[in-house]
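See below for the structure under consideration.
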There are 2 protein chains.
Amino acid sequence: MTSDVEATDRKILELLAADGRMSFTDLGKATGLSTSAVHQRVKRLEARGTITGYGASIDHDQLGLPLTAFISIRPIDPSQPDDSPERLRDVAEIESCWSVAGDESYILKVRVAAPIDLEDLLARIRAAANVSTRTTIVLSTPYENRPV
Amino acid sequence: MTSDVEATDRKILELLAADGRMSFTDLGKATGLSTSAVHQRVKRLEARGTITGYGASIDHDQLGLPLTAFISIRPIDPSQPDDSPERLRDVAEIESCWSVAGDESYILKVRVAAPIDLEDLLARIRAAANVSTRTTIVLSTPYENRPV
DNA sequence: ATTGAAACTCATGCTCC
DNA sequence: GGAGCATGAGTTTCAAT
């Protein structure tokens with residue numbers, strides 16, 4: 001089996017992933033269910049944690065944060081417990097934090113206004129988490145966060 | 001200036017980024033505007049492309065896709081034009097594609113069910129885009145897609 | 001740009017199946 | 001589980017400012 005999420009629920013998830021503001025009425029039309037039936041299913045998916053939240057996608061260029069980068073970090077002192085995610089949680093520029101297998105321990109995705117701000121951000125990250133960093137600048141984003 | 005998006009619009013964007021299904025009525029209460037005023041502002045932000053869309057966040061573990069990885073790709077033949085994003089667009093497992101500066105040309109973020117599916121996916125990516133790959137497995141995701 | 005009202009659509013709980 | 005209905009809540013348009 002692929003998992004125990006049923007076909008109609010998958011269809012609902014697919015539709016909501018593509019348009020998080022779709023109404024229960026439209027979801028019902030698309031799935032052949034009544035409004036109240038879809039409503040009940042969506043609430044159940046939310047309660048089970050299958051749907052973890054709803055968001056709007058923002059054009060960061062228009063918001064003055066056109067520079068995106070990946071920062072891979074590695075502890076300076078490998079004997080210390082690595083609680084980098086907690087130490088970096090309040091750094092607003094960090095959009096995502098993944099723990100990874102490989103040479104580095106975490107990959108961060110950050111957004112800043114300009115290279116000078118990236119320099120400042122790197123210094124703050126190194127100081128806050130006691131890590132070395134390796135930065136990869138994003139040139140463009142062909143696509144991002146597509147529903148899978 | 002930080003950009004020409006005005007303070008009230010920023011507040012609306014912040015609220016919608018955190019809860020994409022928030023009603024216009026609640027957005028009005030949170031911003032001190034009437035329902036129709038926020039409605040007009042949101043429609044304008046959508047028309048200008050400041051809001052690029054709405055989505056639901058899904059728990060991929062529950063959907064049978066618990067394995068996330070980053071795949072960095074590099075063209076085998078650097079003399080050819082690199083149209084990897086187009087060649088890889090129809091590969092459903094690819095959630096995001098970023099063009100980057102550095103040793104590799106693109107970073108892909110993918111989701112699969114199990115290591116065997118990653119092996120299969122890597123073969124398909126190499127064949128479709130004529131690239132070499134470097135894969136980094138995600139162990140856990142402390143946070144992801146936070147509003148900045 | 002904003003408001004307030006009007007008309008319409010949707011959400012949500014309930015009962016019955 | 002789901003349908004159908006009732007009603008309260010939310011959306012959307014519009015005239016006025």
Side-chain angles (χ1 to χ4, degrees), chain A residues 1-66 113 145 147-148, chain B residues 1-66 113 145 147-148:
Chain A
M1 72 170 187
T2 167
S3 107
D4 66 347
V5 178
E6 179 265 340
T8 306
D9 281 347
R10 283 184 178 267
K11 182 69 184 171
I12 290 172
L13 291 168
E14 186 184 318
L15 291 161
L16 280 175
D19 177 7
R21 279 183 87 87
M22 189 177 283
S23 71
F24 295 121
T25 304
D26 285 347
L27 287 170
K29 287 172 185 163
T31 55
L33 263 59
S34 70
T35 304
S36 50
V38 195
H39 179 259
Q40 184 180 310
R41 278 171 179 265
V42 171
K43 292 303 163 193
R44 190 180 56 197
L45 289 166
E46 289 171 359
R48 286 180 180 165
T50 312
I51 295 173
T52 58
Y54 301 92
S57 303
I58 307 298
D59 179 351
H60 290 86
D61 289 15
Q62 291 190 37
L63 277 179
L65 295 172
N145 291 132
V148 296
Chain B
M1 71 168 190
T2 168
S3 104
D4 66 348
V5 178
E6 180 263 341
T8 306
D9 281 347
R10 282 182 180 272
K11 183 69 184 168
I12 290 172
L13 291 169
E14 188 184 317
L15 291 162
L16 280 175
D19 178 7
R21 278 183 88 86
M22 188 177 284
S23 72
F24 295 117
T25 304
D26 286 347
L27 286 170
K29 286 171 186 163
T31 54
L33 263 58
S34 70
T35 303
S36 44
V38 276
H39 177 259
Q40 185 178 311
R41 277 171 179 266
V42 170
K43 291 302 164 193
R44 189 180 55 198
L45 289 165
E46 290 171 358
R48 284 180 180 166
T50 311
I51 296 172
T52 58
Y54 301 93
S57 303
I58 308 298
D59 180 351
H60 291 86
D61 289 14
Q62 291 192 36
L63 277 179
L65 295 172
N145 291 131
V148 297

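Computed from a predicted structure; not experimentally measured. Letters A, B, ... are given to chains in the order of the sequence lines, protein chains preceding strands, and every chain is numbered from 1.
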Query raised in the report: So, does B:Gln62 use its side chain to make a donor-acceptor pair with the main chain of A:Arg48 at under 3.5 Å?
Result: yes
**Report entry** d(CZ, A:Arg21; C1', D:dT12) in whole Å
**Finding:** 13 Å
Query raised in the report: By a strict heavy-atom criterion of less than 4.0 Å, which residues belonging to residues 35-42 of chain B are in contact with DNA chain D?
Result: B:Thr35, B:Ser36, B:His39
Query raised in the report: Hey, is the main chain of B:Tyr54 close enough, under 3.5 Å, to the side chain of A:Arg21 for a donor-acceptor pair?
Result: no
Report task. Give, for atom CG of B:Leu27 and atom OG1 of B:Thr35, the distance between the pair rounded to the nearest 0.5 Å. Result -> 9.0 Å
Query raised in the report: Looking at B:Ala113 and B:Pro66, what are the two nearest heavy atoms and their distance?
Result: O-CD, 3.4 Å
Query raised in the report: What is the distance, rounded to the nearest whole Å, between atom NZ of A:Lys29 and atom C1' of D:dG2?
Result: 18 Å
Report task. Rounded off to whole Å, could you give me the CG-to-P distance for the B:Asp26 and D:dG10 pair? Result -> 6 Å
**Report entry** Check: B:Ser57 main-chain N/O paired with A:Thr52 side-chain donor or acceptor under 3.5 Å
**Finding:** yes
Query raised in the report: Sub-3.5 Å donor-acceptor pair from the side chain of A:Arg10 to the main-chain atoms of A:Val5, do we have one?
Result: yes
Report task. May I have the step-by-step check of side chain to side chain contact (heavy atoms under 4.5 Å, CB included) for B:Arg41 and B:Leu33, ending in yes or no? Result -> CA-CA 10 Å; B:Arg41 277 171 179 266; B:Leu33 263 58; 3.4 Å; yes
Query raised in the report: Contact boundaries of DNA chain C with chain B (under 4.0 Å, heavy atoms), 5' to 3'?
Result: C:dA1 to C:dG4
Query - Steps toward side chain to side chain contact (heavy atoms under 4.5 Å, CB included) verdict (A:Arg44, A:Asp9) - result: CA-CA 10 Å; A:Arg44 190 180 56 197; A:Asp9 281 347; 3.2 Å; yes
